[in-house]
Amino acid sequence: MLGNESTVLMVADKLTTYRKKRKFSTTREPRGARMRSRKQLIFVIQKHRASHLHYDFRLEAEGVLKSWAVPKGPSLDPRQKRLAVRVEDHPYEYKNFEGTIPRGNYGAGEVIVWDRGTYRSADGDGEEAVLKGLRKGALGIVLRGNKLKGGFSLVRLKRPRQWLLIKKNDTYVSTRDITRDDRSVKSGKRLTDSVQSHWRDG
């Protein structure tokens, strides 16, 4: 378990941009107070209706959630290369956030947990393989989620913060539009349903 003082400070530093953008007196988004305590790395995808509908793709690494905004959402078709824009790191606790971000706050709008599960690097076990892929700008991952399974690639483009999210050829390839499965894997709600802001383990 990560828990020494130096690691806590490192995680806090990674969340500086995240915290500066939020008014925690009015939003119930987590500040980020603890780190992971499980052996397997987790991923989460949150469907987010803010100024524009998009999907927030998050991978646990270095005690935080490395995050990308995917405007069209993930695809199971390797021919569909989906733009993924790198955004600020989010706290580990954000994996459970589902609800409404109030008006006047950054990212105001509704959020549901669209998919979640565990993941690993396609190039080896352990977090270091993930970090190496991120530094290179070419990260292969294997997802074990409720909706997304199998191999995916994140490939960095030349433009700042822009990546591509691409499905790899495997037994989970499909031309089916996976985003039509629009219910939360946590609550069963859709964005069109009334959602109360909350975050907790579960």
Side-chain angles (χ1 to χ4, degrees), residues 29 40-61 65-88 90 94-101 106-123 130 133-134 137-159 161-199 202:
E29 296 169 279
Q40 293 182 304
L41 296 170
I42 65 99
F43 82 93
V44 64
I45 301 175
Q46 284 153 315
K47 188 175 182 180
H48 185 183
R49 184 193 290 124
S51 56
H52 300 283
L53 180 66
H54 64 279
Y55 294 74
D56 293 310
F57 183 81
R58 312 190 195 280
L59 298 175
E60 179 193 356
L65 298 177
K66 306 293 184 181
S67 301
W68 293 259
V70 184
K72 293 185 177 181
S75 173
L76 302 181
D77 186 346
R79 298 171 298 179
Q80 300 294 324
K81 298 175 174 62
R82 295 296 169 86
L83 177 66
V85 181
R86 186 82 161 85
V87 298
E88 73 275 8
H90 280 53
Y94 212 95
K95 69 187 178 70
N96 293 316
F97 180 77
E98 184 171 274
T100 301
I101 302 172
Y106 179 77
E110 295 178 348
V111 178
I112 60 170
V113 178
W114 183 81
D115 196 18
R116 63 183 176 183
T118 60
Y119 86 98
R120 64 173 175 83
S121 168
D123 299 316
V130 174
L134 287 174
L139 174 62
I141 53 176
V142 179
L143 303 182
R144 296 181 290 269
N146 293 79
K147 298 176 182 178
L148 298 188
K149 301 178 189 297
F152 286 80
S153 294
L154 276 165
V155 181
R156 186 168 57 215
L157 302 176
K158 291 183 178 180
R159 291 185 178 183
R161 303 189 299 119
Q162 293 195 3
W163 296 62
L164 293 176
L165 176 64
I166 309 167
K167 181 75 184 82
K168 290 187 176 181
N169 279 299
D170 58 24
T171 57
Y172 298 105
V173 164
S174 174
T175 57
R176 179 172 67 92
D177 183 358
I178 189 65
T179 64
R180 289 183 177 272
D181 185 353
D182 60 354
R183 289 189 180 275
S184 163
V185 297
K186 178 179 179 180
S187 65
K189 293 181 180 292
R190 296 186 174 98
L191 282 182
T192 53
D193 297 331
S194 176
V195 180
Q196 297 297 319
S197 293
H198 64 281
W199 65 274

Under the salt bridge (charged side-chain N to carboxylate O under 4.0 Å, His left out) test, which residues partner [X], sequence neighbours left out?
X	answer
Arg86	Asp89
Arg159	none
Lys47	none
Arg49	Glu110

Heavy-atom side-chain contact between [X] and [Y] under 4.5 Å:
X	Y	value
Pro74	Tyr55	yes
Ile112	Val185	no
Asn96	Val44	no
Leu59	Leu154	yes

Worksheet item: So with a 6.0 Å cut-off around CZ of Arg144, is the heavy-atom count from everything else above 12?
Response: yes
For residues 162-169, please give each side-chain donor-acceptor pair under 3.5 Å, one per line with the distance, not counting sequence neighbours.
unit_1, atom_1, unit_2, atom_2, d
Lys167, NZ, Gly151, O, 2.9
Lys167, NZ, Asp170, OD1, 2.8
Lys167, NZ, Asp170, OD2, 2.8

Worksheet item: Do the ring planes of His48 and His54 sit parallel (below 30°), tilted (30 to 60°) or perpendicular (above 60°)?
Response: tilted
Worksheet item: How are the rings of Tyr94 and His90 set to each other: parallel, tilted or perpendicular (split at 30° and 60°)?
Response: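 The rings of Tyr94 and His90 stand perpendicular, inter-plane angle above 60°.
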Worksheet entry | Separation between CD1 of Ile45 and CD1 of Ile178, rounded to the nearest 0.5 Å |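 The distance works out to 9.5 Å.
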Distance-only, no hydrogens or angles: does the [X] side chain make a donor-acceptor pair with backbone N or O of [Y] under 3.5 Å?
X	Y	result
Ser184	Val113	yes
Arg116	Gln46	no
Asn146	Asp115	no

Residues which pass side chain to side chain donor-acceptor pair (under 3.5 Å) with [X], listed by chain and number, not counting sequence neighbours:
X	result
Asp177	Thr179
Ser67	Arg58
Arg176	none
Asp123	none

Worksheet item: Could you give all pairs that pass the salt bridge (charged side-chain N to carboxylate O under 4.0 Å, His left out) test and reach residues 72-82, with sequence neighbours left out?
Response: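 Salt bridge (charged side-chain N to carboxylate O under 4.0 Å, His left out) check on residues 72-82 returns Asp77-Arg79.
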Item to complete: Return each pair, listed once, that meets ring pair (Phe, Tyr, Trp, His ring centres under 6.0 Å) where at least one residue sits in residues 165-192; pairs must be two or more places apart or across chains.
Response: none
Worksheet entry | ring-ring contact (aromatic ring centres under 6.0 Å, His included) against Tyr119, all qualifying residues, sequence neighbours excluded |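 In terms of ring-ring contact (aromatic ring centres under 6.0 Å, His included), with neighbours along the sequence ignored, Tyr119 is linked to no residue.
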